[in-house]
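Since the structure comes first, as structure tokens, the remarks are kept for the end.
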There are 4 protein chains.
Amino acid sequence: MANRGEPSTRHYDEKLQQILKTSAKIFAEKGFHRTSVRDIARATSMSLAGLYYYFRTKEELLFLIQEQCFLTLVQRWEKAVKPETDVRSRIRIFAENHLGFFLHNMYEMKVMAHEDESLTGEFQEKILVLKRSYVKILMDLIEELESQEGGKGLDLRAATFSLFGMMNWIYTWYHPKRDLPLAKFVEQMLRIYFFGVLKGGKVQEPWFTSSSSETGKEAFSLWQNLP
Amino acid sequence: MANRGEPSTRHYDEKLQQILKTSAKIFAEKGFHRTSVRDIARATSMSLAGLYYYFRTKEELLFLIQEQCFLTLVQRWEKAVKPETDVRSRIRIFAENHLGFFLHNMYEMKVMAHEDESLTGEFQEKILVLKRSYVKILMDLIEELESQEGGKGLDLRAATFSLFGMMNWIYTWYHPKRDLPLAKFVEQMLRIYFFGVLKGGKVQEPWFTSSSSETGKEAFSLWQNLP
Amino acid sequence: MANRGEPSTRHYDEKLQQILKTSAKIFAEKGFHRTSVRDIARATSMSLAGLYYYFRTKEELLFLIQEQCFLTLVQRWEKAVKPETDVRSRIRIFAENHLGFFLHNMYEMKVMAHEDESLTGEFQEKILVLKRSYVKILMDLIEELESQEGGKGLDLRAATFSLFGMMNWIYTWYHPKRDLPLAKFVEQMLRIYFFGVLKGGKVQEPWFTSSSSETGKEAFSLWQNLP
Amino acid sequence: MANRGEPSTRHYDEKLQQILKTSAKIFAEKGFHRTSVRDIARATSMSLAGLYYYFRTKEELLFLIQEQCFLTLVQRWEKAVKPETDVRSRIRIFAENHLGFFLHNMYEMKVMAHEDESLTGEFQEKILVLKRSYVKILMDLIEELESQEGGKGLDLRAATFSLFGMMNWIYTWYHPKRDLPLAKFVEQMLRIYFFGVLKGGKVQEPWFTSSSSETGKEAFSLWQNLP
DNA sequence: GATGAATGAGGATTCATTCAT
DNA sequence: TATGAATGAATCCTCATTCAT
């Protein structure tokens with residue numbers, strides 16, 4: 001019965017998973033646009049045309065990879081988190097989930113972080129929805145943290161995306177052999193995010209003295225118009 | 001007659017700058033590989049062939065953009081920093097410099113952060129050298145901070161790239177109209193980086209209690225083999 | 001086990017007929033070359049591979065459609081015509097047969113009229129034979145008409161194909177809801193063909209006065225070499 | 001200045017004309033869909049990519065051919081027709097124009113008559129507009145003829161498209177060497193159309209005696225459901 | 001009889017780049 | 001300096017067809 005789109009599931013699914021895995025690797029290494037479907041055919045030992053039995057366009061392939069990642073991410077988060085009273089712990093669990101996933105699926109991570117904008121149209125929209133709801137989880141936690149622990153008057157978006165930035169950027173520099181193993185790594189990152197890099201305990205306010213920072217808007221006007 | 005390599009510099013430079021600026025915008029918006037030289041011709045109102053007077057290949061164009069950014073970045077940093085005794089202040093100046101540049105040249109920033117790996121061969125190597133020396137500046141500062149202020153036993157690479165991550169990631173989410181203006185924005189980011197998001201003053205050690213974090217390496221083994 | 005060439009005929013034939021009917025519709029609507037075997041699979045709710053039990057190639061499918069049409073056309077003609085003495089009546093019957101078939105099987109008609117040259121090799125040749133013999137029927141009738149009724153000195157091929165042209169062209173414009181019903185339609189067409197559109201009875205000779213027509217060969221030399 | 005779409009006109013136009021002419025020939029011989037752009041490249045001794053300087057898609061190429069034909073057809077008609085009082089003469093001039101064009105540009109004629117439906121979207125629409133206005137010219141003439149000369153009660157659409165059918169069908173059978181030369185050919189066709197093939201003068205009404213014709217709607221019900 | 005899975009060949013189109021002028 | 005015209009190479013994708021089951 002199945003006519004492209006709903007092939008029989010047993011073999012199909014296994015093969016598709018293998019294709020997604022292999023493609024993610026190549027996309028991560030060469031970039032989505034530099035990767036030709038032929039590259040994927042070669043890597044999967046399939047024929048060019050044979051691949052198209054499993055996806056309709058190269059872009060759909062990218063979409064499938066990203067979609068699966070987000071779904072997995074959210075699903076594991078929901079399984080890992082308990083209605084604990086401690087916000088801070090929940091944030092920690094979120095970060096553990098996020099980094100754990102990323103370090104164990106570095107190719108997919110890279111693809112998600114980097115090939116974000118390679119999707120267009122409906123594919124882009126669908127991923128955007130997933131991503132927004134995923135981001136909202138962390139943002140809500142941080143908001144709760146702010147309001148609950150008294151807060152330092154941090155900008156919510158800045159606080160949220162700073163953590164995402166720290167975490168997502170790792171694909172550009174993290175080497176398993178060179179850097180800390182996962183558990184320690186997570187600890188370090190959360191330590192920085194929660195307590196900062198400075199040793200001292202008390203928050204010194206005003207802690208900065210730069211003249212430029214004080215002048216507000218014009219502070220960096222010299223930056224206008226490169227070079 | 002001026003030929004390639006030694007064109008009369010007056011007009012040449014101005015025009016080239018305009019081309020770089022325009023190209024950076026398009027690269028930022030469509031991505032390097034999705035951008036065709038025709039797109040650039042259209043945007044600069046030049047003929048396709050005419051452009052090739054100013055660069056030899058599309059990749060060189062990307063290189064020129066990135067090179068100029070790094071040179072500017074380093075140059076301004078050197079001008080802005082004084083042999084101050086305070087490490088923390090120097091880090092702040094570095095961040096101000098970095099973010100100031102990024103927010104005032106968002107297209108170039110995006111291109112630097114995102115089209116990093118689109119360079120190959122010699123171009124890639126040259127940029128790598130520049131980038132490494134730029135990263136080293138911050139890394140050295142943080143090392144100094146660690147050793148001087150007593151330190152919290154942070155991993156140097158993690159601490160360095162966490163700050164870069166926070167800063168470089170902004171191209172994915174920062175909207176001038178929606179988010180904080182530059183000066184406040186820098187302040188927020190440094191506050192998080194220096195003191196963390198938690199309110200409290202004293203560092204609680206051990207501050208975390210997660211069982212998974214304690215188990216070390218195996219902690220996230222469930223992540224193996226997506227999905 | 002029935003194998004290709006001698007399948008059990010009962011089910012086979014019914015199913016084949018259904019496939020031919022469906023294919024004719026799609027060929028008519030999208031054109032032979034634009035139609036993929038997948039389109040036919042979809043429309044017949046069969047699997048792609050399943051179809052190939054009923055025909056060996058897509059071209060054979062087209063051949064079968066055309067062949068069946070011609071055979072039917074000739075067969076019904078032979079059944080309808082009586083050794084009447086009146087040539088004119090026999091021509092009328094031929095036209096009724098032809099148009100009756102066409103209007104009742106518009107998809108097949110379109111395919112016959114339009115996808116004529118989509119056949120190649122042996123298929124083409126076989127259809128050509130059928131077509132020639134079919135055309136010959138009408139041509140012979142018209143020849144008989146000419147010689148018998150005295151004739152107007154008409155060119156035989158021109159007279160024959162003019163009628164075919166009038167009839168075959170209808171697939172491009174005839175709409176059942178908009179145009180005359182079959183019986184009246186046939187009448188109109190034959191009236192034009194037999195008596196012309198002009199009202200008058202007597203043939204005016206010379207009926208034309210155009211100077212260009214008189215100049216013979218060079219008349220339309222301005223047409224040479226478009227535009 | 002020119003950037004695809006408005007190239008400089010001198011050389012461009014000549015070359016484009018040559019491409020159109022060559023393409024029309026191939027389209028006529030192999031059919032539009034069977035013709036690959038490579039075929040055209042070969043026939044024009046240009047490179048595949050080089051062709052795309054002159055048109056954006058293969059379909060546009062077909063459009064250009066058809067458009068030019070219709071424009072030429074209308075333009076020459078307007079130049080040829082005089083506000084003569086005689087409708088019949090004007091119809092004759094129309095037919096002369098149409099057939100003259102067709103016989104002198106048989107490839108283009110075939111393409112117009114046969115590859116009609118190969119256009120889609122806007123291209124199709126534009127040609128449809130041209131075609132409708134072209135058809136309207138003849139239809140108006142025939143209407144005038146009907147009302148003026150008294151008329152035989154002919155259906156307007158049937159009368160109009162019968163003539164078009166006779167004329168347009170010639171691409172399927174006309175051979176310059178075998179058939180009548182243009183002037184005589186036009187004469188024959190008009191004679192049939194105006195006076196019919198029957199010799200006699202008077203219109204016999206009712207001129208037909210077929211029983212089936214009299215039964216009206218059900219006349220050809222045997223045709224239902226091929227075979 | 002029927003189908004899921006696979007493939008070789010070919011198709012339209014785009015692109016970076018060049019070169020004569 | 002600048003450009004119109006041209007091109008080789010590559011890209012994504014579709015298609016008719018097959019074959020083991």
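In what follows, every heavy atom counts, from backbone to side chain, and hydrogens, waters and symmetry copies are set aside.
With rounding to whole Å, Glu60(D) atom CD is found 10 Å from dT13(E) atom P. Distance, Gln18(A) CD to dA5(E) C1': 14 Å, rounded to whole Å. The CZ-C1' distance, from Arg42(A) to dT11(F), rounds to 13 Å in whole Å. Computed from coordinates, the Tyr52(D) OH to dA16(E) P distance equals 17 Å when rounded to whole Å. For Phe55(C) and dA2(E), the CZ to P distance is 13 Å, given to the nearest whole Å. The CG-C1' distance, from Leu62(B) to dA16(E), rounds to 15 Å in whole Å. Between Leu48(A) atom CG and dC13(F) atom C1' there is a gap of 8 Å when expressed in whole angstrom units. Atoms CD1 (Ile19(D)) and C1' (dA6(F)) sit 11 Å apart, rounded to a whole Å.
Ion pairing between Glu115(C) and Lys110(C) fails under the 4.0 Å rule for side-chain N and carboxylate O. Salt-bridge formation is not detected for the pair Lys30(C)/Glu117(D): no Lys NZ or Arg NE/NH1/NH2 atom is positioned less than 4.0 Å from an Asp or Glu carboxylate oxygen.
Among the nucleotides dT13(E), dA5(E), dG4(F), the one closest to any side-chain atom of His11(A) is dA5(E). Comparing dC13(F), dT17(F), dT13(E) by their closest approach to the side chain of Lys58(A) singles out dC13(F). The nucleotide whose nearest atom lies closest to any side-chain atom of Tyr54(D) is, among dG4(E), dA6(F), dT3(F), dA6(F). Between dA5(E), dT7(F), dG8(E), one nucleotide has an atom nearer to the side chain of Ser47(D) than all others, and that is dT7(F).
Proximity of Cys69(B) to Asn105(B): side-chain heavy atoms (C-beta onward) are nowhere separated by under 4.5 Å.
Nucleotides of DNA chain F nearest to Met46(D) and Ala49(B) differ in position, and the one nearer the 5' end is that of Ala49(B). If Ser45(D) and Ser45(B) are placed on DNA chain F by their nearest nucleotide, the residue sitting closer to the 5' end is Ser45(B). Taking for each of Leu51(C) and Phe32(D) the nucleotide of DNA chain E with the nearest heavy atom, the 5'-most of the two is the partner of Leu51(C).
Taking side-chain N and O atoms only, Tyr53(D) has no distance below 4.0 Å to OP1 or OP2 of dA6(F). Contact annotation: Lys15(A) side-chain N/O to dG4(E) OP1/OP2 distance is not under 4.0 Å.
Residues meeting the ring-ring contact (aromatic ring centres under 6.0 Å, His included) test with Tyr107(C), sequence neighbours left out: none.
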Exercise for review: Could you please spell out the steps behind the salt bridge (Lys or Arg N to Asp or Glu O under 4.0 Å) verdict for Asp116(B) and Lys131(B)?
Suggested key: CA-CA 10 Å; Asp116(B) 184 355; Lys131(B) 186 182 299 189; 2.9 Å; yes

Exercise for review: In sequence, state the C-alpha distance, the side-chain angles, and the governing distance for Glu108(D) and Lys25(D), and then conclude on salt bridge (Lys or Arg N to Asp or Glu O under 4.0 Å).
Suggested key: CA-CA 7 Å; Glu108(D) 282 81 0; Lys25(D) 183 173 193 291; over 6 Å; no

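A heavy-atom distance below 4.0 Å to DNA chain F is reached by these residues of residues 33-41 of chain A, ordered by number: Thr35(A), Ser36(A), Val37(A).
Remark: the separation of the C1' atoms in dT21(F) and dG1(E) is 13 Å, to the nearest Å.
The aromatic rings of Tyr171(D) and His114(D) sit perpendicular to each other, their planes meeting at more than 60°, with 30° as the lower class boundary. A perpendicular orientation is assigned to the rings of Phe27(B) and Phe32(B), their planes being inclined by more than 60° (bins at 30° and 60°).
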Study note, to complete from the structure: Parsed dot-bracket for DNA chain E after applying the Watson-Crick and G-U rules with both distances under 3.5 Å and | for other-strand partners is .||||||||||||||||||||

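One side chain, Thr120(B) or Glu59(B), offers a donor N or O that lies under 3.5 Å from an acceptor on the other.
In terms of heavy atoms, Leu20(B) sits closest to Gln68(B) at CD1-NE2, 3.9 Å.
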